[in-house]
Amino acid sequence: MKKKLRLFFLVEACLFVWLLYESVNNSFTLLTLIVGTLVLLRGKRKKINSKRQTYLMIGSVLVLIALLSTSAIWFMLICAILFFVVLDSKSLSNLNFSNFDSIPWQEKEIIIVETAKSLPKNGKRFKRNWLGNERIGNTVYEWDDINVTVFMGDTIIDLGNTLLPKDESYVIVRKGFGKTRILVPAGIGIMIQHSAFKGKVHFERDIFALNNESLKLYSEQYDENTRKIKLITTVLVGDLEVITI
């Protein structure tokens, strides 16, 4: 076992040197890594907890993007998987995977959307989870444009219980990783403007694969509908599914 560990660490060390070489010779990777590290260091100095979490999350995402853009990090991950799965499968059999049930992206939250009488709009405050699954569509309130920012997790936006106002309404989603599903009532004109580093768009029986691309789609008879919804979504990695109900 010690010989296997020595071989594993030797291979990982060589790949780490390759990682450093790739980072130095790629201006995008080097700049992103430096900026992410500086943001992390700045976040540790913040005394306000909310600001510290924001800085640490942004810095972690930048560092992660920089590392995942190199080939060496993928080879390091592959070697680690091969070592622990193929060469050391007995150790993995002792792991208790039930401890992973409470990880952030396994958490679920349900919120419902229905119309209600007019309420004061000025100064309204609310919070959304950055991690975990979330369903928007289960809380009674007057229709208001939806603006969601999520770091990781699956998001469901259900507009089936809402009477959308005439003219145009907006749903804006910014996400790091995860699937987004939007349920729209029949008879509503739909416009989709989606950007993704990696993912797919499911809309009206069509599937579009995106690789660092943007896509704009319109539903049939969009111009004839009196009620219209514009879905503006941005995601690093994940799928978008728009379903008419």
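Remember, it's a predicted structure, so these values are computed and weren't measured experimentally. Note that the numbering runs from 1 along the sequence shown for the chain.
- Applying the salt bridge (Lys or Arg N to Asp or Glu O under 4.0 Å) test to residues at least two apart or on different chains, the pairs with a partner in residues 162-187 are E168-K230, K179-E241, R181-E241.
- A 4.5 Å side-chain heavy-atom check between C79 and E12 finds at least one atom pair inside the cut-off.
- Contact of the F75 side chain with the L19 side chain is not registered, since no non-hydrogen atoms from C-beta on lie closer than 4.5 Å.
- When side chains are defined from C-beta on, L183 does not count as touching I157, because their heavy atoms never get closer than 4.5 Å.
- Side-chain N or O atoms of S219 include one that pairs as donor or acceptor with a backbone N or O of I190 at under 3.5 Å.
- Residues I192 and L240 have side chains in contact (heavy-atom distance under 4.5 Å, counting atoms from C-beta outward).
- Clustering ILVMFWY residues whenever any of their side-chain heavy atoms sit less than 4.5 angstrom apart, transitively, puts V242 in the very cluster that holds I188.
- Side-chain N/O atoms of T29 and S69 include a donor and acceptor closer than 3.5 Å.
- In this structure, K228 satisfies the cation-pi test against Y222, with its NZ or CZ atom closer than 6.0 Å to the six-membered ring centre and inside 45 degrees of the ring normal.
- Residues L30 and L62 do not share a hydrophobic cluster, defined by chaining ILVMFWY side chains whose heavy atoms lie under 4.5 Å apart.
- Under a cut-off of 6.0 angstrom, the local environment of CZ in F197 is sparse, with at most 12 non-hydrogen atoms contributed by other residues, nucleotides or ligands.
- Counting heavy atoms from C-beta on, the side chains of I243 and I182 never come closer than 4.5 Å.
- More than 12 heavy atoms of other residues, nucleotides or ligands shown are found within 6.0 angstrom of CZ on R227.
- Here K198 pairs with N211 under the side-chain hydrogen bond (donor to acceptor under 3.5 Å, both in side chains) rule; sequence neighbours left out.
- Inter-residue side-chain proximity for L33 and L31 is flagged as unmet; no heavy-atom pair is nearer than 4.5 Å.
- Within the 3.5 Å criterion, the main-chain N or O of L67 finds a donor-acceptor partner in the side chain of T70.
- For the pair I232 and Y170, the minimum side-chain heavy-atom distance is below 4.5 Å.
- Nearest heavy atom pair, residue I73 against residue L68, reads CG2-CA, 3.9 Å.
- No more than 12 heavy atoms of other residues, nucleotides or ligands sit less than 6.0 Å from atom CD of E220.
- No side-chain heavy atom of V235 sits under 4.5 Å from any side-chain heavy atom of S195.
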